[in-house]
Undergrad: 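One structure is given below, represented as structure tokens, and several questions about it will come after.
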Amino acid sequence: MAIKNKVVIITGASSGIGKATALLLAESGAKVVLAARNQKKLEKAVNEIKERNGEAAYKITDVSKREEVKSLVDFTISKYGKIDVIFNNAGLMPNSPLSEFRTDEWDEMIDVNLKGVVNGIEAVLPHFIEQKSGHVISTSSVAGLNTYLGAGIYCATKHGVKALMEVLRKESANEKRNIRTTTLYLGAFKTELAERITNKAIKERIEFLYDTIGADPIIVAEAVKFAIDLPEEVSINEMTLYPTAQL
């Protein structure tokens with residue numbers, strides 16, 4: 001199995017898609033390093049993995065801070081000797097109409113959703129270039145393919161991830177770096193994203209969507225595993241996942 005013994009960093013790994021992916025990859029033989037800001041949840045996730053005889057560690061990381069992401073990479077290399085995959089999964093979605101001018105929320109979305117991916121790529125790229133291999137996986141959204149009322153900044157960050165990952169793929173091919181890229185465009189999956197929404201109407205709408213048709217994060221985890229499992233000379237550049245019932 002291609003994934004066995006690969007070293008995988010996962011951000012936003014304390015819950016939802018990140019945690020589901022960490023559990024599945026560890027079960028499949030990968031060595032996973034979980035990163036997020038919530039230490040208690042990270043500890044719980046790592047303990048779950050170890051109870052299932054998986055190999056895992058964690059490091060508290062704010063992906064919006066460049067030095068913390070670099071420290072995460074250094075920690076991983078110190079512990080496991082290499083990095084094969086980074087899954088830039090951390091994200092926020094405190095949506096609201098632009099006319100409400102919730103600029104603090106805008107800044108946080110930009111810092112985590114877009115800058116966090118930039119920081120992840122910057123931190124691992126020198127190592128991937130040196131070892132002439134690596135895989136960057138990043139979570140965008142269907143909001144990175146479309147636009148939605150009340151989601152202007154969120155859409156902007158997710159469109160930014162799309163563009164960034166496309167350029168990384170093209171530059172890797174052009175420079176013959178052998179670095180694989182996969183961008184995930186996700187619909188409604190049951191995560192904690194709605195918890196940070198402060199606009200009441202939008203929060204209720206998203207929570208209703210998740211409650212009625214939201215899909216299990218394990219499905220995304222399976223997609224990530226599939227992308228990693230492919231032969232090194234092949235890359236699934238983009239994957240769009242919707243619950244079947246979502247318009």
Undergrad: Heavy-atom distance under 4.5 Å between the side chains of Asn113 and Thr139, does that happen here?
TA: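 A side-chain contact under 4.5 Å is absent here.
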Undergrad: Which heavy atom of Leu241 sits nearest to which heavy atom of Ala223, and what is that distance?
TA: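 Residues Leu241 and Ala223, closest heavy atoms: CD1-CB, 3.8 Å.
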Undergrad: Nearest 0.5 Å please: distance from the CG atom of Leu247 over to the CD1 atom of Ile213.
TA: 7.0 Å
Undergrad: Following the transitive rule for hydrophobic clusters with a side-chain heavy-atom cut-off under 4.5 Å over Ile, Leu, Val, Met, Phe, Trp and Tyr, establish whether Val85 and Val7 coincide in one cluster.
TA: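 No; Val7 is not reachable from Val85 via cluster members.
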Undergrad: Between Lys170 and Glu166, does any NZ, NE, NH1 or NH2 come within less than 4.0 Å of an OD or OE carboxylate oxygen?
TA: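 Answer for the salt bridge query: no.
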Undergrad: Start with the C-alpha gap between Asp84 and Val8, add the side-chain angles, then the distance that decides, and say whether side chain to side chain contact (heavy atoms under 4.5 Å, CB included) holds.
TA: CA-CA 6 Å; Asp84 297 297; Val8 183; 5.7 Å; no
Undergrad: Just wondering, do Val136 and Ile121 contact through their side chains at under 4.5 Å, heavy atoms?
TA: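 A side-chain contact under 4.5 Å exists here.
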Undergrad: Would you be so kind as to tabulate the donor-acceptor pairs closer than 3.5 Å made by side chains of residues 181-190, with sequence neighbours excluded?
TA:
unit_1: Thr182; atom_1: OG1; unit_2: His135; atom_2: NE2; d: 2.8
unit_1: Thr182; atom_1: OG1; unit_2: Ile236; atom_2: O; d: 2.7
unit_1: Tyr185; atom_1: OH; unit_2: Glu238; atom_2: OE2; d: 3.2

Undergrad: Taking the side chain as every heavy atom from C-beta outward, state whether Glu108 and Arg196 have any pair of such atoms under 4.5 Å apart.
TA: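 Of all side-chain heavy-atom pairs linking Arg196 with Glu108, at least one is under 4.5 Å.
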Undergrad: Can you tell me if Glu130 has over 12 outside heavy atoms packed within less than 6.0 Å of its CD?
TA: no
Undergrad: Does the side chain of Lys6 reach to within under 4.5 Å of the side chain of Lys31, using non-hydrogen atoms?
TA: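 Contact flag for Lys6/Lys31 side chains = no.
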Undergrad: Give a yes or no on whether a salt bridge exists between Glu48 and Lys41, defined as a side-chain N under 4.0 angstrom from a carboxylate O.
TA: no
Undergrad: Rounded to the nearest 0.5 Å, how far does CG of Asn5 lie from OG of Ser28?
TA: 12.0 Å
Undergrad: Starting from Leu193 and following side-chain heavy-atom contacts under 4.5 Å between hydrophobic residues (I, L, V, M, F, W, Y), which residues can be reached?
TA: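 Val63, Val69, Leu92, Met93, Leu98, Phe101, Trp106, Met109, Ile110, Val112, Ile153, Tyr154, Ile197, Ile202, Ile206, Tyr210, all in the cluster of Leu193.
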Undergrad: Side chain to side chain contact (heavy atoms under 4.5 Å, CB included), that's the test. Do Arg52 and Leu23 meet it? Break it down for me.
TA: CA-CA 9 Å; Arg52 302 179 188 184; Leu23 289 167; 4.1 Å; yes
Undergrad: Taking the basic N atoms (NZ, or NE/NH1/NH2) and the acidic carboxylate oxygens, is any pair closer than 4.0 Å for Glu100 and Arg102?
TA: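 The answer is yes: the pair qualifies as a salt bridge.
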Undergrad: Return the OG to CG distance between Ser64 and Asp107, rounded to the nearest 0.5 Å.
TA: 11.0 Å
Undergrad: Which atom pair, heavy atoms only, marks the closest approach of His127 to Ala123?
TA: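 Scanning both residues completely, I find the closest heavy atoms to be CD2-O, 3.3 Å.
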Undergrad: So, Thr198 versus Glu105: side-chain donor-acceptor pair below 3.5 Å or not?
TA: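 A donor-acceptor contact under 3.5 Å links the two side chains.
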Undergrad: For Val161 and Ser140, which heavy atoms make the closest approach, and how far apart are they?
TA: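 Where Val161 meets Ser140 most closely, the heavy atoms are CG1-CB, 4.1 Å.
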Undergrad: Hydrogens and angles aside, do Ser138 and Asn88 bring a side-chain donor and acceptor to less than 3.5 Å of each other?
TA: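 There is such a pair between these side chains.
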Undergrad: Assess the residue pair Lys59 and Lys79 against the criterion (side chain to side chain contact (heavy atoms under 4.5 Å, CB included)); give the C-alpha distance rounded to whole Å, side-chain angles, the decisive distance to 0.1 Å, and a yes or no.
TA: CA-CA 11 Å; Lys59 185 162 179 44; Lys79 186 166 183 64; over 6 Å; no
Undergrad: Report the distance from atom CD of Glu67 to atom CG of Asn119, rounding to the nearest 0.5 Å.
TA: 9.0 Å
Undergrad: Is Val167 linked to Leu164 within one hydrophobic cluster, defined over Ile, Leu, Val, Met, Phe, Trp and Tyr using a side-chain heavy-atom separation of less than 4.5 Å?
TA: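 No.
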Undergrad: Let me confirm one number: the CD1-CE distance from Ile137 to Met165, rounded to the nearest 0.5 Å.
TA: 8.0 Å
Undergrad: For Ala45 and Ala13, work out which heavy atoms get closest and say how close.
TA: CB-O, 4.4 Å
Undergrad: Could you tell me which non-hydrogen atom of Tyr242 sits nearest to which non-hydrogen atom of Asn146, and how far apart they are?
TA: OH-ND2, 3.7 Å
Undergrad: Short question: side chain of Arg180, backbone of Val234 - any donor-acceptor pair under 3.5 Å?
TA: yes
Undergrad: Considering all heavy atoms of both residues, which atom of Ala151 and which atom of Asn95 are nearest to each other, and what is their separation?
TA: CB-ND2, 3.6 Å
Undergrad: So, Glu175 side chain and Arg177 main chain: donor-acceptor pair closer than 3.5 Å or not?
TA: no
Undergrad: If the test is side-chain contact (heavy atoms from CB on, under 4.5 Å), which one of Thr76, Ile77, Ile10 qualifies with Val33?
TA: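 Only one option passes, and that is Thr76.
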Undergrad: Would you say that Ile83 contacts Val73 through its side chain, given a criterion of any heavy-atom pair below 4.5 Å between the two side chains?
TA: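 Yes, close enough: below the 4.5 Å cut-off.
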Undergrad: Taking a hydrophobic cluster as the set of Ile, Leu, Val, Met, Phe, Trp and Tyr residues connected by side-chain heavy atoms closer than 4.5 Å, whether directly or through intermediates, do Val220 and Leu34 fall within one such cluster?
TA: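 Linked, Val220 and Leu34 end up in one cluster.
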Undergrad: Hydrophobic cluster membership, with links at side-chain heavy-atom distances under 4.5 Å among I/L/V/M/F/W/Y: are Ile17 and Met239 in one?
TA: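 Same cluster: Ile17 reaches Met239 through Ile, Leu, Val, Met, Phe, Trp or Tyr contacts under 4.5 Å.
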Undergrad: Count the heavy atoms belonging to other residues, nucleotides or ligands that lie under 6.0 Å from NZ of Lys203, then report whether that count exceeds 12.
TA: yes
Undergrad: Between Leu168 and Glu171, is any pair of side-chain heavy atoms under 4.5 Å apart?
TA: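 The answer is no; the side chains never approach within 4.5 Å.
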Undergrad: Answer whether the closest heavy-atom distance between the side chains of Phe87 and Thr21 falls below 4.5 Å.
TA: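 Yes. Closest side-chain heavy atoms under 4.5 Å.
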Undergrad: Can you confirm whether more than 12 heavy atoms, excluding those of Tyr148, are under 6.0 Å from its OH atom?
TA: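 It does: Tyr148 OH has more than 12 such atoms within range.
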Undergrad: Assess whether side chain to side chain contact (heavy atoms under 4.5 Å, CB included) is satisfied between Phe226 and Ile228, documenting all intermediate values.
TA: CA-CA 5 Å; Phe226 178 72; Ile228 296 172; over 6 Å; no
Undergrad: Just to verify, what does Phe208 make a side chain to side chain contact (heavy atoms under 4.5 Å, CB included) with, not counting sequence neighbours?
TA: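 With neighbours one apart ignored, the set is Thr212.
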Undergrad: Might you work through the side chain to side chain donor-acceptor pair (under 3.5 Å) test for Asn199 and Ser96, ending with a clear yes or no?
TA: CA-CA 6 Å; Asn199 179 284; Ser96 62; 6.0 Å; no
Undergrad: Enter the distance from Glu222:CD to Leu25:CG here, rounded to the nearest 0.5 Å.
TA: 9.5 Å
Undergrad: State, yes or no, whether a side-chain contact exists between Thr61 and Arg37 at a heavy-atom distance under 4.5 Å.
TA: no
